[in-house]
Amino acid sequence: MPDNVHTKFLLNEDEMPRSWYNIAADLPRPPDPVLHPGTKQPVTPDDLSPLFPMALIMQEVSSERYIEIPEPVRQIYTQWRPSPLYRARRLEKALDTPARIYYKYEGVSPVGSHKPNTAVAQAFYNKEEGVKKLSTETGAGQWGSALAMAGAFFNMEIEIFMVKISYQQKPYRRNMMETYGATVHASPTNLTDAGRSILAIDPENMGSLGIGISEAVEVAAKSGGTTKYSLGSVLNHVLMHQTIIGEEALLQMERANDYPDVVVGCVGGGSNYAGISFPFIGEALRKGLKTRFLAAEPMACPSLTKGIYAYDFGDTVGMTPLVKMHTLGHDFIPPGIHAGGLRYHGMAPLMSLLHNEGIVEAQAYYQLSVFEAAVQFARAEGIVPAPEAAHAVRAVINEALKAKEAGEEWVILTNLCGHGHFDMAAYDAYFAGKLQDYEYPAEAVAEAQMRMPVVV
Ligand SMILES: Cc1ncc(COP(=O)(O)O)c(C=O)c1O
């Protein structure tokens, strides 16, 4: 019998999992190799060493099922972890659904999202190897805030290329990063060759995550080894650091005496959804469970539902190694939806592989229906979701309504990966009727996909 009495399922600090879960140990087939952009041969650890510290490169290719979380990282995690698992009783009631809805709430971190789970780990491993400075990009500003905070904790310099449209939409995110001591630029900038090449073609360019990555990678690559690059999503080690979410959720669901039929999350690069879902996917693969896994993405940038599964660059200009992933084309610039963290042309290779193998389903949603769900959630549960997280909320509400129609007591688990306290301009625009739905930009995607690298 599920626990129908409690609203929150909490773990104490001593119960926080001591390891991250590495899904590479349980995949139905080995991941495709990462390729060198010039030779198109598999990259070696040395190829990646100008950008990342060796500890993270080794995590990237590890097939160990569990990797121990270093003590200094665990200690910082306890500033906000273990995060609570909520039973969404009030939302269930509002929807009049027989479904039981649970959400893990990552908005309790100091910056308001799941992003510090990897930012702290990345800063730690870089610091251990003597790196003084990290460069990165940020879309919504959640990732930039997380790395800026980690930089403050480990006394490292942080330089951030913030997508220009988000820089304008979210000035307070920039202020927060600066409060932690980071330097923030509106990208594209004229500080890098990558930025200048974009501005030469389009001086009004509002930026994208792919452009920000090009700029941040260039800063690291040209630093002579003093600066490394840090990415907030997509890469295997980043997804692995986020599995602390799902490892906690496994224990908390046990405490609730329940188990999910479906695990739902929003996907930009795939890290928060990997975080909640991978430990459950691992269990499903090992035990033959029939759990469903549903990824929610924006209709304006639907990399899983509409992308090609092929080798592509991780950035816009074409400087990164080639990874096999669902992609809309590396130079596709998504429309300026308010879920800035979901405006990425690609999807994590691990998430792409799982989608391609039929293990993870995906669904794309229009912006207006996403905000409608976010408001409904806020009025029922009190938490105002980040626009990214609101995509997951939309998917959860749809599943709960389907359960009602079918008269089934489905158990739905989701990750509410961030709060929207810095996103109120988006809510303001929604209430003022100024938000629009963007149709799937089929033509722009088809054009961008024609410019993808050819890998035979
Ligand atoms: C709150 C929030 N959720 C989700 C995302 C999307 O990234 P990912 O798919 O890696 O979780 C972002 C990215 O910036 C974000 O800020």
Side-chain angles (χ1 to χ4, degrees), residues 83 103-119 122 136-149 160-163 165-166 169-170 173 176-177 207-210 212-213 230-246 264-278 295-298 301-304 314 325-326 334 337-352 354-355 360 362 370 374 383-395 414-423 426:
S83 68
Y103 61 95
K104 187 79 168 142
Y105 185 42
E106 289 294 305
V108 294
S109 87
V111 300
S113 79
H114 62 294
K115 296 286 181 183
N117 296 331
T118 184
Q122 292 189 46
T136 198
E137 70 294 326
T138 192
Q142 291 267 22
W143 165 242
S145 310
L147 194 67
M149 180 183 79
I160 299 169
F161 293 85
M162 184 172 188
V163 173
I165 188 163
S166 296
Q169 284 170 347
K170 301 187 184 194
R173 270 284 167 202
M176 188 182 203
M177 292 181 250
S208 70
L209 280 169
I213 295 173
S230 180
L231 183 60
S233 189
V234 179
L235 298 174
N236 302 348
H237 66 267
V238 180
L239 273 55
M240 187 186 72
H241 298 155
Q242 293 295 351
T243 59
I244 183 79
I245 303 171
V264 178
C266 71
V267 286
S271 75
N272 89 83
Y273 185 53
I276 187 120
S277 68
F278 280 8
E297 61 183 8
C301 191
S303 53
L304 273 181
M325 61 179 176
H326 283 81
I337 52 168
H338 276 270
L342 306 188
R343 292 179 68 242
Y344 183 60
H345 66 271
M347 180 53 59
L350 285 173
M351 196 55 79
S352 296
L354 290 164
H355 180 58
V360 170
V370 164
I383 299 171
V384 178
E388 292 83 4
H391 286 71
V393 173
R394 173 76 274 162
T414 194
N415 190 27
L416 194 69
C417 56
H419 67 61
H421 298 176
F422 289 85
D423 302 278

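Positions are given from 1 along the sequence. In each ligand, atom 1 is the first atom listed, and ligand 1 is the first ligand listed.
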Task: Tyr273/His114 under side-chain contact (heavy atoms from CB on, under 4.5 Å): CA gap, chis, key distance, verdict - done: CA-CA 10 Å; Tyr273 185 53; His114 62 294; over 6 Å; no
Within less than 4.0 angstrom of ligand 1, does [X] place any heavy atom?
{"X": "Gly270", "result": "yes"}
{"X": "His114", "result": "yes"}
{"X": "Gly139", "result": "no"}

Task: Heavy-atom pair with the smallest gap, counting every atom of Gln122 and Trp143 - done: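 Reported closest heavy-atom pair: NE2-CH2, 3.9 Å.
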Task: Any donor-acceptor N or O pair under 3.5 Å, side chains Asn117, Glu106 - done: yes
Open item on the list: Is it the case that the side chains of Ser145 and Arg173 hold a donor-acceptor pair, with the cut-off being a distance below 3.5 Å and no angle test?
Closed with: yes
Just distances here: any N/O of [X] and N/O of ligand 1 closer than 3.5 Å?
{"X": "Gly268", "value": "yes"}
{"X": "Ser233", "value": "yes"}
{"X": "Gly269", "value": "yes"}

Task: Asn272 and ligand 1 - part of the residue with a heavy-atom distance under 4.0 Å - done: both
Open item on the list: At under 4.0 Å between heavy atoms, is it the side chain or the backbone of Thr138 that contacts ligand 1, or both, or neither?
Closed with: neither
Task: Numbered atoms of ligand 1 (with element) below 4.0 Å of Leu342, judged on heavy atoms - done: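 Matching atoms, with element in brackets: 6 (C).
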- [ ] With heavy atoms of Val267 as the reference, note each atom of ligand 1 found under 4.0 Å away.
- [x]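 Taking each heavy atom of Val267 in turn, ligand 1 has 9 (O) under 4.0 Å.
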In terms of residue, atom name and distance, what is the protein heavy atom nearest to [atom]?
{"atom": "atom 8 (P) of ligand 1", "result": "Ser271 N, 3.4 Å"}
{"atom": "atom 3 (N) of ligand 1", "result": "Cys417 SG, 3.1 Å"}
{"atom": "atom 14 (O) of ligand 1", "result": "Gly341 CA, 3.4 Å"}

Interatomic distance, [X] atom [atom1] to [Y] atom [atom2] [nearest 0.5 angstrom]:
{"X": "Asn415", "Y": "Ser271", "atom1": "CG", "atom2": "OG", "answer": "9.5 Å"}
{"X": "Ile276", "Y": "Ile244", "atom1": "CD1", "atom2": "CD1", "answer": "12.0 Å"}
{"X": "Met240", "Y": "Phe278", "atom1": "CE", "atom2": "CZ", "answer": "11.5 Å"}

Task: From Gln142, Gln242, Lys115, Glu137 - option closest to atom 1 (C) of ligand 1 by heavy atom - done: Gln142
Open item on the list: Using modelled atom types and a 3.5 Å cut-off, is there a donor and acceptor pairing between side-chain atoms of His391 and backbone atoms of Glu297?
Closed with: no
Open item on the list: For Ser230, is there any backbone N or O sitting under 3.5 Å from a side-chain donor or acceptor partner on Thr136?
Closed with: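 Flag set: sc Thr136 to bb Ser230 pair under 3.5 Å.
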